[in-house]
Undergrad: 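Here it is, the structure, as C-alpha cells.
Read the numbers this way: they start at 1 and go in the same order the structure lists the ligands and their atoms.
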Amino acid sequence: MEYTSFLIKYGEIGVKGKNRYLFENALVKQIKYALKRCEGEFNVHKAEGRVYVDALSDFDYDETVERLKSVFGISGICPVTFSEDEGFDKLKAFVVEYMNKVYGNITDGMTFKVHARRSNKRYPYDSMEINALLGEAILGAIPALKVDVHDPDIILYVEIREKIYVYSEIIPGPGGMPVGTGGKAMLLLSGGIDSPVAGYMIAKRGVKIDAVYFHAPPYTSERAKQKVIDLARIVSEYTGPIYLHIINFTDIQLAIYEKCPQDELTIIMRRYMMRIAETLAKQTECLGLITGESIGQVASQTLASLAVTNEVCTLPVFRPCIGMDKLEIVSISEKIGTYETSILPYEDCCTIFVAKHPVTKPSLEIIAKHEHNLDEVIDELVKEALDKEEVIVVSAE
Ligand code: ATP
Ligand code: MG
C-alpha cells in the first residue's frame with residue numbers, strides 16, 4: 001500500500017474547550033518544523049477537528065514517520081487513505097480494495113473488526129450498520145479473515161466525514177504537548193548527559209526552551225563549546241529553534257577560586273550560574289529554569305547542596321532528572337540521540353576548578369558569608385559577563 005497521507009492523533013486531555021485551536025496550531029507548526037528536514041513537500045492542515053499531513057510530492061515514508069515521532073503532542077500516526085463519498089457500494093469496494101492491498105496475502109485465522117465513526121450524521125447508515133455491512137463485504141472478499149469484535153488482530157477504522165478516511169495502523173507518537181503551548185523556560189545546558197535529557201523532558205510538556213552555557217576559555221576549549229552547540233542542535237529536533245546564550249564565566253570563576261574556600265568552589269560557582277541564568281530568563285520571558293540535577297549524583301547535588309544552590313533563585317527550578325538513576329538518564333539520552341555527543345571527552349568548566357573534597361553538606365550561612373569575599377568585584381564581573389554574552393540560534397532545520 002502506498003500511502004500519501006497521515007492522520008495525526010493527539011491526546012484529548014487538556015485540549016478540550018476554547019484553547020483547543022491553540023493546541024492544534026502549535027501542533028501544526030511543530031509538525032511543519034519537523035518535516036522541513038524530510039525529503040518531499042507536505043501540506044500540514046487542520047480539518048474537521050483533525051490534523052492531517054498530506055504528501056504533495058514523492059517522499060520517504062520511513063523518514064517521514066521517524067520525524068513525526070519526534071513531535072510532542074502526537075499520540076498516534078496513522079497512515080490513511082481516503083476517498084470522496086460516492087455512495088455505499090463505492091465505499092464497500094474501497095475498503096475491500098484497502099484490505100486486499102494491505103492484508104491481501106494473509107494466512108488463515110487472522111481476525112479483524114470494522115470500527116466506523118460517522119461525523120456526517122446525514123449518512124444513510126449508522127455506525128453499527130456500517131460496521132456490519134463493511135465487515136460482511138470484507139469477509140466475502142477475503143475468506144481467510146475472521147471477525148473478532150473483542151480482540152481482533154486488525155481494526156479497520158472507517159471515518160465518514162466530508163470525505164471517507166480508512167486506516168488500520170496506529171504508530172505510537174511521543175505523547176506530551178506541542179512545544180509552545182506551555183510557556184518558555186531557560187535550560188542550563190552543559191556538555192554532560194543529564195541536562196539535554198532535562199531539556200527534552202520539560203519540552204515534552206509543551207514548554208519552549210532557551211538555553212545558557214557557561215564556558216571558561218582558555219580553560220575550556222572551542223571544541224567543548226561546539227559540543228554544547230551540537231547537543232542543543234539535537235535537542236532542537238524536538239523543541240524547535242533554541243536561543244543558546246553563551247556566557248564567558250572565566251573571570252567569575254577565577255575570582256571565586258582566588259577568594260573563596262576550596263571545598264566551597266563548586267557550590268558558589270553553581271550559585272552564580274543560577275543567578276545569571278535567572279537574569280537571562282527574566283530578560284527573555286522565561287518562567288522557570290531547568291537543570292539536569294539528580295539527587296546525590298555528585299557533592300553539589302546532595303539535598304543540602306541543592307537547597308543552597310536553589311536559595312539564590314526566585315523563579316521555579318525544574319529538575320526532571322531529580323529522581324532518576326544515571327542509567328535511566330543514559331537510556332533516555334540514547335533514545336533521543338544525545339548520548340554519543342555527551343560522552344565526548346571535552347573538559348567542563350565545573351571540573352577544572354573542582355576541589356578534591358567538596359562540601360556535601362554546605363551551610364547556607366557559611367556559604368553566604370564567604371560569598372561576601374567577592375563583594376568588591378562580583379557585580380562588575382557579572383555585568384560584564386552578561387554584556388558580553390554571545391547568542392546563537394540553534395535549529396535543526
Ligand atoms: P550534566 O550531565 O547535565 O552536565 P552533571 O551530572 O555533570 O550534569 P553538574 O556538572 O553538577 O552535573 O551540573 C549540574 C547541572 O548544572 C547540569 O545538569 C546543568 O543543568 C548545569 N550546569 C553545569 N555546568 C554547566 C555549564 N557549564 N553551563 C550550563 N549549565 C551547567
Ligand atoms: Mg556537567
Undergrad: Could you tell me, atom by atom, which parts of ligand 1 come under 4.0 Å of a heavy atom of G192?
TA: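 Once the distances to G192 are compared, the set is 1 (P), 2 (O), 4 (O).
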Undergrad: For ligand 1, which atoms, with element, lie under 4.0 Å from some heavy atom of G292?
TA: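 Taking each heavy atom of G292 in turn, ligand 1 has 17 (C), 18 (O), 20 (O) under 4.0 Å.
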Undergrad: Do any N/O atoms on P196 end up under 3.5 angstrom from N/O atoms on ligand 1?
TA: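 Such a contact does not occur with ligand 1.
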Undergrad: Relative to atom 26 (C) of ligand 1, which among M273, H215, E293, R319 owns the nearest non-hydrogen atom?
TA: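 The residue whose heavy atom sits nearest atom 26 (C) of ligand 1 is M273.
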Undergrad: Relative to the heavy atoms of L189, which atoms of ligand 1 are at a distance of less than 4.0 Å?
TA: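 Counting from 1, the qualifying ligand atoms are 28 (N), 29 (C), 30 (N).
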Undergrad: Given P362, which partner from the list T309, V308, T266 fulfils the side chain to side chain contact (heavy atoms under 4.5 Å, CB included) test?
TA: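 When T309, V308, T266 are each tested with P362, the side chain to side chain contact (heavy atoms under 4.5 Å, CB included) holds only for V308.
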Undergrad: Using the test salt bridge (Lys or Arg N to Asp or Glu O under 4.0 Å), find all partners of R37 that sit at least two apart in sequence or belong to another chain.
TA: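 Salt bridge (Lys or Arg N to Asp or Glu O under 4.0 Å) list for R37, sorted by chain: E237.
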Undergrad: Taking only Lys NZ, Arg NE, NH1 and NH2, and the carboxylate oxygens of Asp or Glu, determine whether K227 and E222 approach each other closer than 4.0 Å.
TA: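 Result for this pair is no, no salt bridge flagged.
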Undergrad: Evaluate V298 for polar contact with ligand 1, using N/O atom pairs at a separation under 3.5 Å.
TA: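 So ligand 1 has no N or O lying under 3.5 Å from an N or O of V298.
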Undergrad: Are any of the N/O atoms on D194, whether in the backbone or the side chain, positioned under 3.5 angstrom from an N/O atom of ligand 1?
TA: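 Yes, since at least one N or O of D194 sits under 3.5 Å from an N or O of ligand 1.
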Undergrad: Need the ligand 1 atom indices (1-based, order shown) with element for anything under 4.0 Å from a heavy-atom of S300.
TA: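 Contacts of ligand 1 toward S300, numbered from 1: 11 (O).
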Undergrad: Between F214 and I268, is there shared hydrophobic-cluster membership here, with clusters defined by ILVMFWY side-chain heavy atoms closer than 4.5 Å?
TA: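 Yes, it is one cluster - the side chains of F214 and I268 are joined through contacts under 4.5 Å.
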Undergrad: Are L145 and V114 connected in a single hydrophobic cluster, I mean Ile/Leu/Val/Met/Phe/Trp/Tyr linked by side-chain heavy atoms less than 4.5 Å apart?
TA: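 The answer is yes; both residues are in one hydrophobic cluster.
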Undergrad: Give the atom numbers and elements of ligand 1 that come within less than 4.0 Å of a heavy atom of S195.
TA: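 Answer, ordered by atom number: 1 (P), 3 (O), 18 (O), 19 (C), 20 (O).
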Undergrad: Would you please classify the geometry between the H115 ring and the Y157 ring as parallel, tilted or perpendicular, with 30° and 60° separating the classes?
TA: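 It falls in the tilted class, 30° to 60°.
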Undergrad: State the atoms of ligand 1, each with its element, that fall below the 4.0 Å cut-off from a heavy-atom position in V212.
TA: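 Counting from 1, the qualifying ligand atoms are 29 (C).
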Undergrad: What's the shortest heavy-atom distance between A396 and S236, and which atoms?
TA: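 So the two residues come closest at N-OG, 3.2 Å.
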Undergrad: A cation-pi test, strictly: NZ or CZ of R275 under 6.0 Å from the centre of the six-membered ring of Y272 and no more than 45 degrees from its axis. Yes or no?
TA: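 Checked: cation-pi criterion met.
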Undergrad: Ring of Y52, cation from K163 - is the NZ or CZ under 6.0 Å from the centre and inside 45° of the axis?
TA: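 No, cation not above the ring by the 6.0 Å, 45° rule.
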Undergrad: Taking the non-hydrogen atoms of R270, is any one of them nearer than 4.0 angstrom to ligand 1?
TA: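 R270 counts as a contact of ligand 1 under the 4.0 Å cut-off.
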Undergrad: Considering both backbone and side-chain atoms of T291, is one of its nitrogen or oxygen atoms within less than 3.5 Å of a nitrogen or oxygen in ligand 1?
TA: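 No, there is no polar N/O contact under 3.5 Å.
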Undergrad: Considering Q301, Q297, K326, which one's heavy-atom position lies nearest to atom 11 (O) of ligand 1?
TA: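 Answer by nearest heavy atom: Q301.
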Undergrad: Please check whether G191 reaches ligand 1 - meaning an N/O of the residue sits under 3.5 Å from an N/O of the ligand, judged on distance alone.
TA: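 No, since none of the N or O atoms of G191 sits under 3.5 Å from an N or O of ligand 1.
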Undergrad: Does M269 share a hydrophobic cluster with L386, counting links as ILVMFWY side-chain heavy atoms below 4.5 Å and allowing steps through other members?
TA: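 Linked within one cluster.
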Undergrad: Which of the atoms of ligand 1 are close to I193, meaning less than 4.0 Å from one of its heavy atoms?
TA: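 So the atoms of ligand 1 that pass are 2 (O).
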